[in-house]
Asker: 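Dumping the structure here so I can ask a few things about it.
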Amino acid sequence: MNLNIALFPGDGIGPEVFSEAIKVLEALKLDCSFTSSDVGACAIYKHGAALASNTLEIARNADAVLFGAVGAPEFDANPKAPVRPEQAILGLRKGLGLFANLRPVKVYEALIDSSPLKPEIVRGTDVIILRELTGGSYFGEPKFNRGIKPNREATDANYYTEAEIRRLMVMAFELARGRRNKVTSADKANVMASGRLWREVANEVRSEYPDVHYEDVFADALAMHLLRAPRNYDVCAMDNLFGDILSDEASQITGSMGMLPSASLGDDRNRHGLRRGLYEPIHGAAHDITGKGVANPLAMILSSALMLRWSFGLHDQASRIERAVEKVLADGLRCGDIKSPGTSVLGTREMGDAVAARLG
Ligand code: IPM
Ligand code: MG
């Protein structure tokens with residue numbers, strides 16, 4: 001089985017953590033062919049666009065895409081820059097039809113003390129934040145930031161069609177059936193028209209899955225409950241913006257954003273008859289630590305495990321990676337973001353080596 005993978009390391013710590021994921025994939029001795037491309041700020045500087053047209057082509061021709069991170073401080077400092085690094089990831093999500101973003105939030109027993117929350121609250125947490133990824137305020141029209149002082153105005157429309165909500169909710173129920181059989185849907189139906197449609201459609205889909213426990217929650221309340229009692233949740237489905245925000249929040253249950261992988265999936269099938277997905281850590285380019293060799297590569301490595309599972313059906317190999325990560329943590333090895341008293345702090349490369357050495 002040949003795995004044809006597009007590699008887009010991107011900016012900041014992206015390339016550093018990326019090398020460690022490739023190291024782990026190579027240690028599994030799979031038959032991989034790689035095609036790489038620049039994305040984000042580095043692509044803007046080289047080609048004038050965050051996502052060059054042939055990069056999208058490379059992604060479409062691959063069975064799966066591994067993605068690092070994009071972003072650069074000079075663009076953050078200039079909100080009106082017409083070309084922005086983030087256009088790379090947004091363009092790939094939209095261009096590949098990756099409407100569902102799975103963000104597993106799993107607490108490792110060894111990392112209990114790295115969470116800012118109390119051990120008795122976080123212990124045993126295993127949630128998937130299922131984020132809608134190609135609609136809502138990220139893509140809705142009109143979208144503008146215009147005018148001159150004192151009459152400047154801006155908007156982002158949180159536009160959703162029922163088909164977009166439906167396919168995401170179907171994914172939520174299907175996922176829940178393979179897990180603990182519970183779906184929580186978060187919206188702001190008390191305020192937003194898009195939230196009322198979300199709730200209506202979610203409840204229609206729910207009636208097709210009578211075996212799955214279901215609840216509607218307001219998104220602001222879920223933000224609170226996730227920190228209060230994260231174990232109450234299994235699959236939490238929500239729109240694009242709420243999913244962006246609540247997944248960063250939920251990462252703190254695990255201790256660090258440096259631990260959270262993600263899988264972005266659509267309905268498109270690859271040469272293996274499985275979903276062509278894009279796999280990326282949820283953390284960003286982290287320019288404050290770029291080039292220092294200290295970034296935690298585990299989210300990136302765990303993203304490659306999700307890729308093996310979802311786009312290639314290689315469940316055993318995916319579990320080998322996940323077990324190796326668990327062993328590394330149990331052996332007291334940490335990167336700086338998850339260090340705690342009594343553990344040894346490793347650099348990015350040493351962490352990659354430690355995972356590769358424990359693949360069994
Ligand atoms: C994420 C990131 C992205 C998003 C940025 C980099 C565009 O925050 O994947 O969560 O907002 O979706
Ligand atoms: Mg985010």
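When a ligand or atom number is given, it counts from 1 through the structure's own listing order.
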Asker: Could you check which N/O/S atom of Asp244 is closest to the Mg ion (ligand 2)?
Answerer: OD1
Asker: Does the N or O separation between Tyr138 and ligand 1 drop below 3.5 Å for any pair?
Answerer: yes
Asker: I'd like to know if Asp268 and Arg276 make a salt bridge, using a cut-off of under 4.0 Å between side-chain N and carboxylate O.
Answerer: yes
Asker: Does Arg131 have a heavy atom less than 4.0 Å from any atom of ligand 1?
Answerer: yes
Asker: Does any N or O atom in Arg93 lie less than 3.5 angstrom from one in ligand 1, N or O only?
Answerer: yes
Asker: Can the ring centroids of Phe139 and Tyr159 be said to lie less than 6.0 angstrom from one another?
Answerer: no
Asker: Taking the six-membered ring of Phe242 as reference, does the NZ or CZ atom of Lys188 fall below 6.0 Å from its centre and within a 45° cone about the axis?
Answerer: no
Asker: Run down the list Ile245, Asp244, Asp248 and name the one with the heavy atom closest to atom 10 (O) of ligand 1.
Answerer: Asp244
Asker: Hey, is CG on Asp316 packed in by over 12 heavy atoms from elsewhere, all under 6.0 Å?
Answerer: no
Asker: Kindly confirm or rule out a cation-pi arrangement of Arg131 over Tyr138, judged by NZ or CZ under 6.0 Å from the six-membered ring centre and within 45° of its axis?
Answerer: yes
Asker: Relative to atom 1 (C) of ligand 1, which among Arg103, Arg84, Gln87, Glu86 owns the nearest non-hydrogen atom?
Answerer: Arg103
